[in-house]
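Written below as structure tokens is the structure these notes are about.
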Amino acid sequence: VQLQASGGGLVQAGGSLRLSCAASIRIFNFNRMGWYRQAPGKQRELVARITNSDTNYADSVKGRFAISRDYAKDTVYLQMNSLEPEDTAVYYCYAEGAWKDYWGQGTLVTVSS
């Protein structure tokens with residue numbers, strides 16, 4: 001199983017980016033999918049996740065980020081709006097399978113002030 005993350009880049013504060021995470025298998029196989037991020041010198045933290053019934057967000061991104069998935073494309077998205085310099089980090093997508101978790105390679109998001 002492979003997860004391919006993309007969509008990171010450099011953006012000014014207040015701008016938007018959309019991250020994509022394409023899976024090599026059908027995403028309905030996963031219990032949950034989501035995004036973590038890790039800023040320099042900080043621990044990895046959960047940003048958002050999605051299950052069959054709900055979505056969850058870190059308090060710091062509520063109202064600004066939105067997670068969604070496209071079963072036809074086997075892809076999970078993270079729409080990030082009103083970006084702040086504090087959102088600068090490497091963003092990793094993940095998926096919880098029946099027996100193990102899977103991680104993408106990470107995509108760098110840099111927000112300039």
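It should be emphasised that the depicted structure is a prediction, and the values quoted were computed from it without experimental measurement.
- Counting only heavy atoms from C-beta outward, the side chains of I25 and Q2 never approach each other to under 4.5 Å.
- Atom OH of Y102 is separated from atom OG of S24 by 9.0 Å, given to the nearest 0.5 angstrom.
- Heavy-atom minimum distance, Y92 versus G106: CD2-CA, 3.5 Å.
- When the side chain to side chain contact (heavy atoms under 4.5 Å, CB included) test is applied to V11, the partners found at least two apart in sequence or on another chain are L17, L83, V111.
- Put simply, CZ on R64 and OG on S82 are 7.0 Å apart, with the number rounded to the nearest 0.5 Å.
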Chi angles and distances behind the side chain to side chain contact (heavy atoms under 4.5 Å, CB included) call for L46, Y57
CA-CA 8 Å; L46 177 66; Y57 297 93; over 6 Å; no
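- By the criterion of side-chain heavy atoms lying less than 4.5 angstrom apart, applied directly or through intervening Ile, Leu, Val, Met, Phe, Trp or Tyr residues, F28 is not grouped with Y77; the two fall into different hydrophobic clusters.
- Atom CZ of R32 sits about 9.0 Å away from atom CG of D54, to the nearest 0.5 Å.
- Although no hydrogens or angles enter the test, the distance criterion places a donor-acceptor pair under 3.5 Å between the side chain of R26 and the main chain of Y71.
- Rounded to the nearest 0.5 Å, atoms CD (E96) and CG (N29) are 14.0 Å apart.
- Clustering ILVMFWY residues whenever any of their side-chain heavy atoms sit less than 4.5 angstrom apart, transitively, puts V76 in a cluster other than the one holding V90.
- Residues W103 and C93 fail the side-chain proximity criterion, which asks for heavy atoms closer than 4.5 Å.
- For S6, the side chain to side chain contact (heavy atoms under 4.5 Å, CB included) partners at least two apart in sequence or on another chain are S20.
- Within the 4.5 Å cutoff, the side chain of E86 has no heavy atoms near those of the S60 side chain.
- Linking Ile, Leu, Val, Met, Phe, Trp and Tyr residues whenever their side-chain heavy atoms come within less than 4.5 Å places L3 and I67 in a single cluster.
- In summary, R69 and D74 do not engage in a salt bridge, as defined by a charged side-chain N under 4.0 Å from a carboxylate O.
- Linking ILVMFWY residues whenever their side-chain heavy atoms come closer than 4.5 Å, directly or via other members, places M80 and I50 in the same cluster.
- In the hydrophobic clustering of this structure, L108 does not group with Y91; members are Ile, Leu, Val, Met, Phe, Trp, Tyr whose side-chain heavy atoms approach within less than 4.5 Å, directly or through other members.
- In this structure, F65 and W35 have side chains that are not in contact, with every pair of non-hydrogen atoms separated by 4.5 Å or more.
- Between M33 and I27, the closest side-chain pair of non-hydrogen atoms falls below 4.5 Å.
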Using distance only, find each side-chain donor-acceptor pair of residues 38-45 under 3.5 Å and give its atom names and separation, not counting sequence neighbours.
unit_1, atom_1, unit_2, atom_2, d
Q38, NE2, K42, O, 3.1
E45, OE2, R37, NE, 2.7
E45, OE2, R37, NH2, 3.2

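- Side chains of T75 and D70: no donor on one and acceptor on the other come within 3.5 Å.
- Of all heavy-atom pairs spanning T107 and G8, the tightest one is OG1-N, 3.1 Å.
- Note: Y94 and Y36 meet the aromatic proximity criterion, with ring centroids under 6.0 Å apart.
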